[in-house]
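To find a chain, count down the sequence lines: A is the first, B the second, and so on, and within it residues start at 1. The structure displayed is predicted, hence computed values, not measured ones.
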Protein chains: 2
Amino acid sequence: MAEPTLTISDRIQQELDRLTRAERQLAHSILENYPASGLGPLTALAEAANVSTPTVARMVQKLGFKGYPEFQNELREELKAKAKNPIAKHDTWTEGAPSGHVLNRFTDAVINNIRHTLGQIEPETFDRACALIADTAHPLYIVGGRITHTMAEYLFLHAQIIRPRVTHIQSTSNAWPHYLLDVGEGDVFVIFDVRRYENNTLKLAEMAHARGAKIILFTDQWRSPVHSLADICFSSRIVAPSAWDSAAATLLLVESVISSMQDINWADTKDRAERLEEMFDQTRLFRKFT
Amino acid sequence: MAEPTLTISDRIQQELDRLTRAERQLAHSILENYPASGLGPLTALAEAANVSTPTVARMVQKLGFKGYPEFQNELREELKAKAKNPIAKHDTWTEGAPSGHVLNRFTDAVINNIRHTLGQIEPETFDRACALIADTAHPLYIVGGRITHTMAEYLFLHAQIIRPRVTHIQSTSNAWPHYLLDVGEGDVFVIFDVRRYENNTLKLAEMAHARGAKIILFTDQWRSPVHSLADICFSSRIVAPSAWDSAAATLLLVESVISSMQDINWADTKDRAERLEEMFDQTRLFRKFT
DNA sequence: ACGGCGTTGTAATAAATTTGACATTATTCT
DNA sequence: AGAATAATGTCAAATTTATTACAACGCCGT
């Protein structure tokens, strides 16, 4: 990476005058639909430009590449960079920190995770999931594992305000079988399971499934075995520059679900939230807002 | 060109269920930086995905292509089409969703929050906080409130692996005063308090402060009253297009702290993590990785 | 108009990539 | 637990692709 901010396209345009007739013809053909045409085989490019193959080979060498494959390689790198760029246009997030600082490295990874995660979600599926979760006609069960129970609880704490009949189950607790006694056809389960996938969670999902419950699964890119039982499955990217994974993308999804639920059940929510406020005031749990 | 509006990326995601382990691995690798990686030689793609070359060949056939070259050809066609389309439709996060969809609105807000939050943090302060949290010479207490205890617990679950003498206190539980009995000079408190700020949390912070403990506070942009007692204070932006706030930026900070702690205590962590793995294996809590 | 030089194309060679056959390993079902 | 089946990898053959050598063409100056 010796040339940082000089694309191949730039370089070609710069050289345009110094090029010969056939080469210019070729150059225009490359720029015509850049960079796609340059990523095909040399022969195809030559044909499209109506020049011979050696002309192509010679020109890429003139541009300073060892050969056509190297030329293509840089084109692909450009493409990668471009794909990342519009989102992560900050080379550093925290000013004054070297780009290698944990904060910057981690933030990059998280933003990337978010981008990939969102890219894989079909809005219809998401809306369907929210509708299920918000549907007060059926009880809602929220299930988390050893680490993920924090996400489960986060969802639970909000869902609890928005709608009635919500239960939080920890699959690592040994009390979970009791909860399943009452589960019936059409009940909704939101299950969190990221690697390392937990046996209890799978068992729980199997039992819920057997009783006719709908399952909405939040997992990672490799997908928990629960996914074969799930009606809807969201997989978040969780890779991070760390020995542990990042739950940030998952949290984003959860918060979006909460927001969407709230919109669906607004009439109810408003009422419930107000009653909750009152109760908080009475318990003096919170200070009055400044 | 029989498939009009169905990109290869779409098709791969659609088929994801029908694919086998190695193929899924490969699929993710292709989607990782799409479409650049798919435009290189088959060998390179296989290597990047850690699968054998025939696996790649087989999968592209499974996707309905005669061979790898034809697959690449369609990728290039897609690229051309995208380049021609002047509407850069990538101002949305989830393709196919209107920009007003919850997912897009929420994601925008979260990314913005992250930007603002990170922009306010001085790397030195962050490093100082991590050093304190990682310092095994003093016990570490982690405190959360009604909602924030999920963040607190997330930190706790990881800190627990990385170092000894970590305690999680819920300020909303009535057991917290007991924990404070043993607190002494130099003990470290990580406290989470976002609006609505909780009385219990403030009381707890006051007592800890009185006993000479160091306080690291995670709060929001308006800053909890605890901040006057805190040695270090991180304020995250938490605004979201929702009746509730977003914890995503806070989580990002927490995860960065975890990552940094781990680097500081690496020697210990490795050992502790290994012992933990053993115990997990013995309890059969998790399934063996597929 | 002719010789020289730079440019371009043809064809053969060399290198690489892709594909297919087979052995090995993992997984599923009984 | 073991047999059957599917999945995956290794290796070699075949095809495609890039490169090189060389011949032909056109252009320009004298």
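A donor atom on one side chain and an acceptor atom on the other are not found under 3.5 Å apart for A:T107 and A:N104. Side-chain contact check for B:E255 and B:H158: no donor-acceptor pair (N or O, by modelled atom type) lies under 3.5 Å.
When every heavy atom of A:C233 is checked against every heavy atom of A:H227, the shortest pair comes out as SG-CB, 4.0 Å.
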Which side-chain N or O atoms in residues 40-52 of chain B pair as donor and acceptor under 3.5 Å with protein atoms at least two apart or in another chain?
residue: B:S52; atom: OG; partner: B:T55; partner atom: OG1; Å: 3.0

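Taking every side-chain heavy atom of B:S52 into account, D:dT8 is the closest of D:dC11, D:dT8, C:dG9. Comparing D:dT19, C:dT18, D:dT8 against the side chain of B:T20 picks out D:dT8 as the nearest. Side-chain proximity of B:A57 to C:dG20, C:dA11, C:dT19: nearest is C:dT19. When distances run from any side-chain atom of B:P69 to the nucleotides C:dT8, C:dT19, D:dG9, the shortest one goes to C:dT19. The side chain of B:P41 has C:dT18 as its nearest neighbour among C:dT18, C:dG20, C:dT8.
Side chain of B:Y34 to main chain of B:S9: a donor-acceptor pair is present (N/O by atom type, distance under 3.5 Å, no hydrogens or angles).
In this structure, A:T43 does not reach the D:dT16 phosphate: none of its side-chain N or O atoms is under 4.0 Å from OP1 or OP2. For B:T53, no side-chain nitrogen or oxygen approaches OP1 or OP2 of C:dT17 to under 4.0 Å. Between B:Q61 and the phosphate of C:dG20, there is a side-chain N or O to OP1/OP2 separation shorter than 4.0 Å.
Nearest-nucleotide positions on DNA chain D place B:A22 closer to the 5' end than the other of A:G67 and B:A22.
The nearest whole Å value for the distance from the CD atom in B:E47 to the C1' atom in D:dG9 is 14 Å. For the pair A:R24 CZ and C:dT8 C1', the computed distance is 14 Å after rounding to whole Å. Atom CE in B:M59 sits roughly 14 Å away from atom P in D:dA7 (whole-Å rounding). If you measure from atom CD of B:Q25 to atom P of D:dT8, you get 9 Å, rounded to the nearest angstrom. Taking atom CG of A:L39 as the reference point, atom C1' of D:dT17 lies 15 Å away to the nearest angstrom. Atom pair B:E70:CD and D:dT17:P shows a separation of 13 Å (rounding to whole Å applied). Between B:R58 atom CZ and D:dT8 atom P there is a gap of 8 Å when expressed in whole angstrom units. Whole-Å rounding puts the B:L42 CG to D:dG9 C1' distance at 14 Å.
Side-chain N/O atoms of A:R21 and base N/O atoms of C:dG6 include no donor-acceptor pair closer than 3.5 Å.
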